[in-house]
Amino acid sequence: MFFFGVHVCSHCLLKKTMKLLCWIWLWTLFHVGLQKAQAGKSSSSKRKRESSQSEDWNTFSMNLHAKNVLPATVAKRNIEKANKAGAQGKKFRAKKGKANAARCMFNAYPKTAWPKLYWAKVPMKNLKTDQVEERWHPFCLPHEWLAQYMADPKAVLEAQPARGSKVHAALSKICMGVFGTESWPAEGLVPIGFHGDGVPIQGTMRKEGLDFLTINLPGSKLHRDLRVPFTVIQSKFHFQYQTKEAILNILVWSLEHLKKGTWPVKRHDGTAWRKSDKARSVLHGQLPAKGILAEVRGDWDWLNSWLNIPAYNTNSGMCWLCPAKWPESKAWTAADRSSGLSKALFVQRVLDMGKTLCPFWGLPEMAPDVLCLPDWLHTVDQGIGADIAAQLLIELSACYPGRSFKLRVAGLWQDIQSLYSEHATEYKLRSLTPEVLNKGKGKPANTVPTLKGPAAVIRHLIPLLPILTAKHFGGGTEHQVACDKLARFLAQTYASMETNDIKSLPKLGAKVAGQYMALERHALRNVSIAFHIMPKMHLFQHICECGFAPKEFWCYQDETTGGFLAKLFTRKGGWDNPGKNCENMFLRWQQLTSFPCVPVD
């Protein structure tokens, strides 16, 4: 490429253009914040110079780093330049410039009520040698922040589960094993929930995985959406099961002291307190109340990877709630699924496979069938619901004109968009193409269809499917009528789930499973993979038959938390140290999250 007779490399030109656009964006962001800060000067308000406008700029400018919008060097420079221009922002004690900008920004954060992080050595993978090495890693210990929260008796009372709920039932069983009675201890008992999952980080070019573990209060109404990170760790630093085992051992140690209601007198590994534990070493005696783990949530893959929950193809059995194996369990009845699976048999299966037993199952009161239930989001919305929706949409596309599958799907998409507008649907598909149905170019012919999209989008599409099938399949062939029935049964099941109608769920779930299997048998007779049933159908039946409202223990808020933590964790540069990366995420999260409390009457 030539400009004014000079040859310019296209790659260099693109690089310079992107750099220029980046600087323009940063300059615009800086001026927007500066205008906020200086708006108070021209105000006719009688307030003093330290007005809310200046406070807004102070918070806004610090949050550029706390929310991980800008790297520390850029955020610090913007604040310094704004201060020089007259804005009343944060005054740094450190020297001006880029040197130690991250440390300067973190040190400038106001103090919070969250306890100091606990550092422990964890075996991790050395990325250069592929060998194990111990590295320091931070944790937010449940017994420490919960002790602070439970100091208010009203907080303990507010965190109690509703009678008849899944958490109440689990807590009653656990109390029977720990205290010999289903009633709570006199000093109070707070049920605790635990969730784990993985989330992508670092964008699409340098995509990595981040495992995040959180603690919550499942019985609380005021803080039902609060998820407190226990720790996060990049997946690439896992060394076999050793890393996970060490992390869970620290969690179990903290939970044991919550169960006993006592402060620990030494570290999790039995060693004396370190200098960094000075504040912990003076805490002795009883906690304000006790706490017990009463719920574990996560998707099937994560539960299998961290907690020994069997996979669908495990020879000894696919389920932790019953002895089912796949695919024989398709023919199982509700009575078969309710037969249960003892903890002893579950543990024996894990040991027979040569696996390391998860630290959770070493505690007598912790049993997989009590703590873990499949959740609706992963099992249905992104499981059989997505599979059934995709297959029905493929069947419906045949009713639209077009010489190719792509054109017929495009015609169907026009009708779906009309239904979205008519029903004011909140969460919508962005498009509908063969790729969204997992049937794009390059896919093998035997690829099972599934609808790709966020769980909430699929959940909001399911009620619209019977409208489409009634329009095109009403009075059609026997196969089309069967498809219409499946769409109606699935939509009715979703309606019962949304309204917490747990009495109707078992019957409707059985209708969905029966109709789904009938369509699969019809397809197999015609040597087709249409309506191929995946193993999550078995978990779906367990959810419908468990007797609890699925919305009590689904993972929607957990998924939201995962996205938020991934955003706070994303690295902007520097040394890739897993412990330091985790600490930076914690400092940001603590700055943006208020410590829970019960309002004064």
With E559 as partner, the option from H378, Q382, H195 fulfilling side-chain hydrogen bond (donor to acceptor under 3.5 Å, both in side chains) is H378
Verify the neighbour count for atom NZ of K116: are there more than 12 heavy atoms of other residues, nucleotides or ligands below 6.0 Å?
-> no
Expected output: side-chain T214 to main-chain P229 donor-acceptor under 3.5 Å = no
Could you tell me whether the side chain of W114 and the main chain of L587 form a donor-acceptor pair under 3.5 Å?
-> no
Do M318 and P535 have side-chain heavy atoms sitting under 4.5 Å apart?
-> yes
Kindly check if the number of other-residue, nucleotide or ligand heavy atoms within 6.0 Å of CG (D130) is above 12?
-> yes
First locate atom OG of S61, then atom NZ of K76, and finally report the distance between them rounded to the nearest 0.5 Å.
-> 13.0 Å
Flag the pair E583 and K580 as a salt bridge only when some basic side-chain nitrogen lies within less than 4.0 angstrom of an acidic carboxylate oxygen.
-> yes
Short side-chain donor-acceptor distance under 3.5 Å, S305 and K244 = yes
Is a donor on one side and an acceptor on the other found under 3.5 Å between the side chain of S172 and the backbone of H168?
-> yes
Any chance you could lay out the salt bridge (charged side-chain N to carboxylate O under 4.0 Å, His left out) test for E365 and K173, step after step, and finish with the verdict?
-> CA-CA 8 Å; E365 73 275 8; K173 288 182 181 180; over 6 Å; no
Going by the angle between their ring planes, with limits at 30° and 60°, are Y149 and H223 parallel, tilted or perpendicular?
-> perpendicular
Whether N308 side chain and C358 backbone form a donor-acceptor pair below 3.5 Å | yes
L222 CG to K154 NZ distance, which is reported to the nearest 0.5 Å | 10.5 Å
Between CG on residue D225 and OG1 on residue T560, distance to nearest 0.5 Å = 8.5 Å
Check: I247 and V122 side chains under 4.5 Å, non-hydrogen atoms | yes
For K343 and M366, indicate whether the former's side chain and the latter's backbone hold a donor-acceptor pair under 3.5 Å.
-> yes
Could you check whether the rings of Y118 and H268 sit parallel, tilted or perpendicular, using 30° and 60° as the cut-offs?
-> perpendicular
State the OG-CD distance between S254 and E144, to the nearest 0.5 angstrom.
-> 7.0 Å
N/O donor-acceptor pair under 3.5 Å between N304 side chain and D299 backbone | no
Salt bridge present between R267 and D277 (N-O < 4.0 angstrom) | yes
With a 3.5 Å cut-off and no angle check, do the side chains of N249 and E245 form a donor-acceptor pair?
-> no
Decide yes or no for L293 and I215: does some side-chain heavy atom of the first lie under 4.5 Å from some side-chain heavy atom of the second?
-> no
Within the distance-only criterion (no hydrogens, no angle test), does the side chain of T129 pair as donor or acceptor with the backbone N or O of Q131 below 3.5 angstrom?
-> yes
So, the side chain of E158 versus the backbone of G219: is there a donor-acceptor pair under 3.5 Å, distance only?
-> no
How about R227 and F212: do any of their side-chain heavy atoms sit closer than 4.5 Å?
-> no
Side chains of Y556 and D381: is there a donor and an acceptor less than 3.5 Å apart?
-> yes
Could you please spell out the steps behind the ring pair (Phe, Tyr, Trp, His ring centres under 6.0 Å) verdict for F106 and H65?
-> CA-CA 9 Å; F106 283 121; H65 181 252; 4.8 Å; yes
CD1 on I192 to CD1 on I292, rounded to 0.5 Å | 8.0 Å
Should W300 and T379 count as side-chain neighbours, where that means a heavy-atom distance under 4.5 Å?
-> no
Any chance you could measure N581, atom CG, to L210, atom CG, to the nearest 0.5 Å?
-> 9.5 Å
So, for F360 and F194, is the gap between ring centers shorter than 6.0 Å?
-> yes
Considering only NZ, NE, NH1 and NH2 on the basic side and carboxylate oxygens on the acidic side, decide whether K236 and D576 come within less than 4.0 Å.
-> yes
Got T231 and D211 here, is their nearest side-chain heavy-atom distance under 4.5 Å?
-> no
Check the pair D558, R297 against salt bridge (charged side-chain N to carboxylate O under 4.0 Å, His left out), reporting the backbone distance first and the verdict last.
-> CA-CA 9 Å; D558 301 302; R297 302 179 307 282; 2.9 Å; yes
Could E133 and K125 be called an ion pair, given the rule that one side-chain N must be under 4.0 Å from one carboxylate O?
-> no
Is it the case that more than 12 heavy atoms not belonging to K67 sit under 6.0 Å from its NZ atom?
-> no
For atom CZ of F564, decide whether the heavy atoms of other residues, nucleotides or ligands shown that lie under 6.0 angstrom number more than 12.
-> yes
Is the backbone of K567 close enough, under 3.5 Å, to the side chain of N68 for a donor and an acceptor to pair up by distance?
-> yes
Below 4.5 Å, heavy atoms only, C-beta onward: do I502 and C546 meet side chain to side chain?
-> no
At their closest point, which heavy atom of F586 faces which heavy atom of P138, and how far apart are they?
-> CE1-O, 3.9 Å
Strictly under 6.0 Å, is that where the ring centroids of F548 and F553 end up?
-> no
Would a line drawn from the ring center of F346 to the ring center of W320 be shorter than 6.0 Å?
-> no
State, to 0.1 Å, how close A108 and M62 come at their nearest heavy-atom pair, and which atoms those are.
-> CB-CE, 3.8 Å
For the side chain to side chain contact (heavy atoms under 4.5 Å, CB included) test, which of R280, H143, Q286, H257 pairs with W263?
-> H143
Nearest non-hydrogen partners of A147 and L287, listed with the distance = CB-CD2, 3.8 Å
H284 side chain to S281 backbone, donor-acceptor under 3.5 Å | yes
Is the closest side-chain heavy-atom distance between Q591 and P110 below 4.5 Å?
-> yes
